[in-house]
Engineer: 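Input: one structure, supplied below.
Scope of the values below: all heavy atoms of this structure, side chains included, with no hydrogens, waters or symmetry mates. Here the structure is a predicted model, which means the values were calculated and not measured.
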Amino acid sequence: MSDRRYDPSEIEPRWQAVWESERTWEVPNLPPDEVAAAPPKSYVLEMLPYPSGEPHIGHLKNYAVGDAVAHFRRRTGHRVLHPLGYDAFGLPAENNAIKTGIPPRQATDESIAAFQRAFRAWGLSIDWSREISSHEPGYYRWTQWIFLRLFERGLAYRKESAVNWCPNDQTVLANEQVIDGRCERCGHEVELRQLEQWFFRITAYADRLLDDLETIRWPESVKAQQRNWIGRSSGAEVTFRCEALGIDYPVFTTRPDTLFGATFFVMAPEHPDVMRLAAGTEHEADVRAYVNRALSERAADRGAAEKPKTGVPLGRTVTNPVNGEPLPMYVADYVLMEYGTGAVMGVPAHDERDHAFATAFALPIRPVVAPSGAEASDVSERAFTAHTDDERLINSGRFTGMDAVAGREAIVDWLESRGAGRAAVSYRLRDWLLSRQRYWGCPIPILYCESCGMVPVPDGDLPVLLPEVDDYQPRGRSPLAAADEWLHTRCPRCGGAARRETDTMDTFVDSSWYFLRYCDARNDAAPWDPEVLAQWAPIDQYIGGIEHAILHLLYARFFVKAFADMGLLSVQEPFAALFTQGMILGPDGHKMSKSRGNVISPTPIVERFGADAARCYVLFIGPPDQDAAWSETSLEGVHRFLTRLWRLGDELAQTTARGPAETPENPTGDALELVRKAHWAIDKVTADLDGRFSFNTAIAAIMELVNELYRRRDADSGARRFATATAASLVFPFAPHVGAEVYELLTGDRVWEEPWPAADPAMLVAESFELVCQVNGRVRDRVPAPTGAPREELERLALSSAGVQAHVNGHEVVKVVVVPDKLVNVVAR
RNA sequence: GCGGCGGUGGUGGAACGGUAGACACGACGGACUCAAAAUCCGUUGUCCGCAAGGACGUGAGGGUUCGAAUCCCUCUCGCCGCACCA
């Protein structure tokens with residue numbers, strides 16, 4: 001026995017130094033004419049971290065998954081791009097600055113240094129020559145350049161509208177950043193404010209964002225969330241005319257077949273015409289009071305579906321285009337200005353909300369769709385009628401009697417011929433509000449000139465540097481507004497006085513294109529060279545948390561589609577495949593949080609057990625897409641496994657000569673079993689890694705191989721050397737240091753330079769197997785049988801086995817099902 | 001309400017429609033040790049039985065099948081996203 005022991009603190013830095021000094025994981029861009037002859041590319045990417053404090057356990061899992069994928073692809077013959085960077089702008093650094101006085105730049109740089117130390121200690125196989133950070137002028141210069149290209153195309157615009165305002169963070173937020181009426185960052189309740197802000201026209205891409213989900217390999221849940229968020233519904237836009245004022249009001253409806261059932265008309269309190277309509281009527285004062293109350297109410301309260309319906313008459317009517325009926329107009333807060341046209345037709349018989357409103361205001365309820373076969377007289381006059389499959393129109397003038405689906409089309413066609421409507425599609429998706437009234441972000445490259453108005457900063461003047469300030473406190477406007485010297489400048493068009501835009505960009509803008517920059521990270525003439533990008537795009541495997549299902553993952557898709565339209569790249573989707581890893585919960589099964597005191601930091605874990613054990617553990621803990629609770633004792637189990645593997649390598653290295661560890665010739669007995677187990681493990685681990693992300697079962701298979709090595713200690717050393725080197729080779733993607741160490745101890749070679757091992761099919765089958773003998777589907781016996789035996793022989797073996805005989809006894813054998821090399825099922829009655 | 005995912009031992013979890021519970025943790029027993037730790041070996045779904053063996057078992061109920069954790073239907077519970085979206 002050796003008195004040496006497995007010491008990750010000695011092994012791990014040694015291998016990290018090799019990789020660092022030899023720049024093992026760097027991969028250069030190829031000249032275009034060499035790409036075709038090069039090995040196939042694979043772009044493996046984990047979502048970039050937001051550097052705040054030190055990395056947490058979720059980062060460890062994210063990068064352990066990505067690194068395993070990257071290693072596996074390298075060793076299966078791919079040219080792998082695996083870069084990393086930092087999403088460095090953002091609120092936490094700025095809020096920290098307000099609290100502690102430490103400038104955001106300093107805190108961010110310190111945190112980046114801590115992340116860099118951790119990532120190196122974890123032994124990640126990153127191409128550090130491509131490292132980027134979004135707060136560096138060399139990066140955000142191009143964020144501004146992209147903004148200007150979007151601005152030129154009308155995809156970035158400034159508009160006043162009702163926007164979400166977080167009174168705590170003193171800034172506006174995108175729709176996507178409001179969760180249950182609260183600020184995603186700080187949890188404070190969000191208010192609606194009428195403000196002029198910058199938007200990206202993501203809605204122009206709604207259809208493509210929806211349809212192209214079919215072309216990418218993403219988890220169904222993420223695709224479903226995006227579909228939901230985009231919320232496409234098709235129907236019709238129908239025009240209702242207010243004769244008294246001579247104004248047409250279009251409404252959107254998904255149910256044009258119910259047009260004859262409209263008995264009233266409702267507008268949102270924010271609708272710009274509401275006061276104009278009520279002016280001069282007896283309801284004017286009531287309407288004003290109602291609108292004021294509705295506008296001041298908190299969004300969360302107003303949005304509650306269970307809330308009783310309220311509203312006020314406007315004292316006007318509109319004309320229903322299908323039958324000329326005058327419909328009374330109302331203002332009511334259940335109608336949303338942001339969706340459709342801010343006005344709806346009220347069809348109480350076929351819409352629950354309209355039904356509740358009609359009931360509250362004693363308005364008529366007229367059914368116009370009924371199940372086929374029902375007589376008009378059967379249909380209740382006042383009940384809300386749920387939608388069913390087979391329906392036809394009633395009470396619908398010349399459309400009466402038509403099937404509801406055909407009737408819908410007929411009504412739309414008729415409206416269209418009369419100029420009173422058309423087929424239309426509506427979306428839930430809103431444009432992306434990108435401006436923030438905060439300091440620590442990318443400045444928006446726009447100037448306001450007294451004579452020229454809004455002027456984009458010329459490309460040659462980029463970057464617009466973020467100025468240093470002393471006071472980061474937000475006061476409803478960006479702290480940049482106080483940077484006088486920076487603020488006042490000259491108009492590039494007329495040379496007159498101009499003022500800079502003081503809002504900064506949402507950090508999601510920075511992270512919507514970073515994955516493109518890695519491909520050409522040191523280019524200072526353009527954000528990237530389209531030819532260089534073409535050799536890497538799209539990302540073959542993207543890995544990150546599910547919390548980005550709609551924010552980052554939708555914005556990045558939008559950017560890439562816009563870039564494709566500008567001819568800047570040639571793919572339609574950034575992430576061909578996506579893997580969303582589950583969270584690591586605290587030992588108590590709850591989400592880790594400082595307030596719960598259940599946070600496990602990776603740093604002491606790595607110091608105590610080594611990076612290999614920590615990485616293996618987070619992969620072994622369960623299926624990587626699921627949440628799992630941290631368990632120290634399970635971590636010790638994984639550490640034990642690596643220790644056992646290392647000890648095998650150490651012992652063999654002491655007793656045998658270093659050299660190639662190949663499958664021995666004609667092994668027998670224990671040696672044969674060991675060699676078979678090794679090939680079985682190769683086969684299993686390969687299948688688990690090849691697109692399956694089944695790291696937990698892959699590691700389990702290597703554990704089985706190691707266990708087999710301990711059980712068959714007396715096998716000859718050639719077989720043991722082969723099996724141990726194979727275990728080291730297979731464990732390398734998960735535990736690169738000990739994998740490299742054991743492989744080198746035995747063979748003298750570098751495991752990452754070796755091709756991924758191939759299982760010999762001949763070694764995957766034994767000459768005999770255990771035949772499972774069932775009677776009526778229940779196992780009654782197991783007998784040895786020769787592999788590849790004909791069905792008749794297996795049937796005979798099974799029927800003559802004692803267990804089957806005992807259970808068939810006295811019953812008639814009706815049928816025998818034979819599954820070759822596996823089982824026989826005797827059906828007896 | 002709409003959409004998505006899930007329910008398997010004491011625990012985390014395995015299982016192309018073909019031996020349910022791989023692997024790991026924990027527990028129990030043994031070896032080594034003066035002892036402990038570490039390490040190594042073994043047992044470990046539940047129930048009946050001394051044993052051989054048997055019965056029961058994947059949220060509930062039904063169905064398809066020679067055979068169902070797996071496929072289909074109904075229900076139930078849980079998690080996630082959206083939600084007065086016309």
Engineer: Is any side-chain N or O of A:Asn696 closer than 4.0 Å to OP1 or OP2 of B:A14?
Structural biologist: yes
Engineer: C1' atom, B:U65 versus B:U46: distance in rounded Å?
Structural biologist: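 Taking atom C1' in both B:U65 and B:U46, they lie 28 Å apart.
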Engineer: Listed by chain and number, what are the side-chain hydrogen bond (donor to acceptor under 3.5 Å, both in side chains) partners of A:Tyr555, not counting sequence neighbours?
Structural biologist: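 Expected list: A:Glu176.
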Engineer: P atom, B:C71 versus B:C77: distance in rounded Å?
Structural biologist: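 That atom pair is separated by 22 Å.
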Engineer: Stepwise, does the side-chain contact (heavy atoms from CB on, under 4.5 Å) test hold for A:Leu652 with A:Arg720?
Structural biologist: CA-CA 8 Å; A:Leu652 283 165; A:Arg720 291 172 55 73; 4.1 Å; yes
Engineer: Rounded to whole Å, please give me the gap between CG in A:Asp625 and P in B:G13.
Structural biologist: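 That distance rounds to 11 Å.
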Engineer: Check the distance between B:G26's P and A:Glu632's CD and give it to me in whole angstrom.
Structural biologist: 11 Å
Engineer: Would you kindly compare A:Lys684 and A:Tyr427 by the position of their nearest RNA chain B nucleotide and give the one closer to the 5′ end?
Structural biologist: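 Looking at the nearest nucleotide for each, A:Lys684 comes out on the 5' side.
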Engineer: In terms of side-chain heavy atoms of A:Val335, which of B:A86, B:A20, B:C84 is nearest?
Structural biologist: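 Looking only at side-chain atoms, A:Val335 lies closest to B:A86.
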Engineer: What distance, rounded to whole Å, do you find between the two P atoms, one in B:G45 and one in B:G21?
Structural biologist: 9 Å
Engineer: Sequence neighbours excluded, which residues qualify as ring-ring contact (aromatic ring centres under 6.0 Å, His included) partners of A:Phe734?
Structural biologist: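 A:Phe734 satisfies ring-ring contact (aromatic ring centres under 6.0 Å, His included) with no residue once adjacent residues are dropped.
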Engineer: When rounded to the nearest Å, what value does the distance between P atoms of B:G13 and B:G18 take?
Structural biologist: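 Approximately 23 Å lies between the P atom of B:G13 and that of B:G18.
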Engineer: Polar-atom pairs under 3.5 Å, protein N or O versus N or O of nucleotides 77-82 of chain B: list them with distances, or write none.
Structural biologist:
residue : atom : partner  : partner atom : Å
B:G81   : N2   : A:Asn228 : ND2          : 3.0
B:C82   : O3'  : A:Arg428 : NH1          : 3.0

Engineer: Establish, from distance only, whether the side-chain atoms of A:Asp650 and A:Tyr6 form a donor-acceptor pair under 3.5 Å.
Structural biologist: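 The criterion, which ignores hydrogens and geometry beyond distance, is not satisfied for A:Tyr6 and A:Asp650.
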Engineer: Tell me, please, which residues at least two apart from A:Ser634 pass side-chain hydrogen bond (donor to acceptor under 3.5 Å, both in side chains).
Structural biologist: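 In terms of side-chain hydrogen bond (donor to acceptor under 3.5 Å, both in side chains), with neighbours along the sequence ignored, A:Ser634 is linked to A:Ser631.
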Engineer: For nucleotides 40-46 of chain B, tabulate all protein N/O to nucleotide N/O atom pairs closer than 3.5 Å, reporting atom names and distance.
Structural biologist:
residue : atom : partner  : partner atom : Å
B:C40   : OP1  : A:Arg644 : NH1          : 2.4
B:C40   : OP1  : A:Arg647 : NH2          : 3.3

Engineer: Report the distance from atom CG of A:Leu794 to atom P of B:G18, rounded to the nearest whole Å.
Structural biologist: 18 Å
Engineer: If the P atom of B:C75 is compared with that of B:C2, how far apart are they to the nearest Å?
Structural biologist: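 So the two P atoms sit 12 Å from each other.
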Engineer: I need the CZ-P distance between A:Arg5 and B:U39, as an integer number of Å.
Structural biologist: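 For the pair A:Arg5 CZ and B:U39 P, the rounded distance is 12 Å.
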Engineer: Taking B:A69 as the reference, what is the distance to B:C16 when you measure between their C1' atoms (whole Å, please)?
Structural biologist: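 About 15 Å, rounded to a whole number of Å.
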Engineer: So does A:Thr697 get a side-chain nitrogen or oxygen closer than 4.0 Å to the phosphate oxygens (OP1/OP2) of B:A22?
Structural biologist: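 So the side-chain polar atoms of A:Thr697 never come under 4.0 Å of the phosphate oxygens OP1 or OP2 of B:A22.
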Engineer: Between protein and nucleic acid, restricted to nucleotides 8-12 of chain B and to nitrogen or oxygen atoms under 3.5 Å apart, what atom pairs and distances do you find?
Structural biologist:
residue : atom : partner  : partner atom : Å
B:G12   : O2'  : A:Ile621 : O            : 2.7

Engineer: Could you pull out all residues at least two apart from A:Phe357 that satisfy ring-ring contact (aromatic ring centres under 6.0 Å, His included)?
Structural biologist: A:Phe264, A:Tyr330, A:Tyr334, A:Phe361
Engineer: Between P on B:A38 and CZ on A:Phe609, what's the gap in Å once rounded to a whole number?
Structural biologist: 12 Å
Engineer: Under the rule for side-chain hydrogen bond (donor to acceptor under 3.5 Å, both in side chains), what residues qualify as partners of A:His807, not counting sequence neighbours?
Structural biologist: A:Arg780
Engineer: When you look at A:Val347 and A:Met345, which way does the side-chain contact (heavy atoms from CB on, under 4.5 Å) test go after all the steps?
Structural biologist: CA-CA 6 Å; A:Val347 184; A:Met345 63 179 194; 3.8 Å; yes
Engineer: Base, sugar-phosphate, or nothing: which does A:Ala224 touch, judged by heavy atoms less than 4.0 Å apart?
Structural biologist: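 The residue A:Ala224 makes sugar-phosphate contact but no base contact.
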Engineer: Would you please name every residue forming a ring-ring contact (aromatic ring centres under 6.0 Å, His included) with A:Tyr249, sequence neighbours left out?
Structural biologist: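 Here the qualifying residues are A:His271.
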Engineer: Tell me whether A:Arg227 at atom CZ has more than 12 heavy atoms from other residues, nucleotides or ligands lying less than 6.0 Å away.
Structural biologist: yes
Engineer: Given B:A86, B:C25, B:G4, identify the nucleotide with an atom nearest to the side chain of A:Glu220.
Structural biologist: B:G4
Engineer: Would you mind telling me which residue lines up with the more 5' stretch of RNA chain B, A:Ser221 or A:Phe252, judged by nearest nucleotide?
Structural biologist: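 Counting from the 5' end, the first nearest nucleotide belongs to A:Ser221.
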Engineer: Can B:G6 be described as syn, meaning its chi torsion is within 90° of 0, or is it anti?
Structural biologist: anti
Engineer: Counting only side-chain heavy atoms from C-beta out, which of B:G18, B:C56, B:G4 sits nearest to A:Arg778?
Structural biologist: B:C56
Engineer: Let me know the distance between CD of A:Glu651 and C1' of B:U39, rounded to the nearest Å.
Structural biologist: 11 Å
Engineer: Of the candidate nucleotides B:G18, B:G4, B:C23, which contains the atom at the shortest distance from the side chain of A:Met703?
Structural biologist: B:C23
Engineer: Does A:Lys822 place a side-chain N or O at less than 4.0 Å from the phosphate oxygens OP1/OP2 of B:G18?
Structural biologist: no
Engineer: Under 3.5 Å, sequence neighbours excluded: what are the donor-acceptor pairs made by side chains of residues 703-711 of chain A?
Structural biologist:
residue  : atom : partner  : partner atom : Å
A:Glu704 : OE1  : A:Lys677 : NZ           : 2.9
A:Asn707 : OD1  : A:Arg644 : NH2          : 2.9
A:Glu708 : OE1  : A:Arg711 : NH1          : 3.1
A:Glu708 : OE2  : A:Arg712 : NE           : 2.7
A:Glu708 : OE2  : A:Arg712 : NH2          : 3.2
A:Tyr710 : OH   : A:Arg644 : O            : 2.9
A:Tyr710 : OH   : A:Arg647 : NH2          : 3.2

Engineer: Return the nucleotide paired to B:U64: Watson-Crick means purine N1 to pyrimidine N3 with N6-O4 or O6-N4, wobble means G-U with N1-O2 and O6-N3, both under 3.5 Å.
Structural biologist: none
Engineer: Both distances below 3.5 Å, Watson-Crick or wobble geometry, any strand: find the nucleotide opposite B:G3.
Structural biologist: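 By the stated definition (distances under 3.5 Å), B:C80 pairs with B:G3.
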Engineer: Under 6.0 Å between ring centres: does that hold for A:Phe508 and A:Trp432?
Structural biologist: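 No, the ring of A:Phe508 stays outside the 6.0 Å limit from the ring of A:Trp432, centre to centre.
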Engineer: Apply side-chain contact (heavy atoms from CB on, under 4.5 Å) to A:Phe252 and A:Tyr339, showing your working.
Structural biologist: CA-CA 9 Å; A:Phe252 175 76; A:Tyr339 186 77; 4.0 Å; yes
Engineer: CG of A:Leu705 versus C1' of B:C23: gap in Å, rounded?
Structural biologist: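 About 13 Å, once rounded to whole Å.
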Engineer: Which pairs count as side chain to side chain donor-acceptor pair (under 3.5 Å) when at least one residue sits in residues 819-829 of chain A, sequence neighbours excluded?
Structural biologist: none
Engineer: What pairs of nitrogen or oxygen atoms, one from the protein and one from nucleotides 48-54 of chain B, lie under 3.5 Å apart?
Structural biologist:
none

Engineer: In whole Å, I'd like the distance from the CG atom of A:Asp688 to the C1' atom of B:A15.
Structural biologist: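 Spelled out: CG on A:Asp688 to C1' on B:A15 is 12 Å.
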Engineer: Could you tell me how far B:A36 sits from B:G49 if I compare only their C1' atoms? Round to whole Å.
Structural biologist: 40 Å
Engineer: Between A:Arg255 and A:Asp257, is there a side-chain N and carboxylate O pair less than 4.0 Å apart?
Structural biologist: yes
Engineer: Do you see a donor-acceptor pair shorter than 3.5 Å between the side chains of A:Thr697 and A:Asp688?
Structural biologist: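 Result is yes, a qualifying pair exists.
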Engineer: Can you tell me, in whole Å, how much space there is between the C1' of B:C5 and that of B:A51?
Structural biologist: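 The same atom, C1', in both gives a distance of 47 Å.
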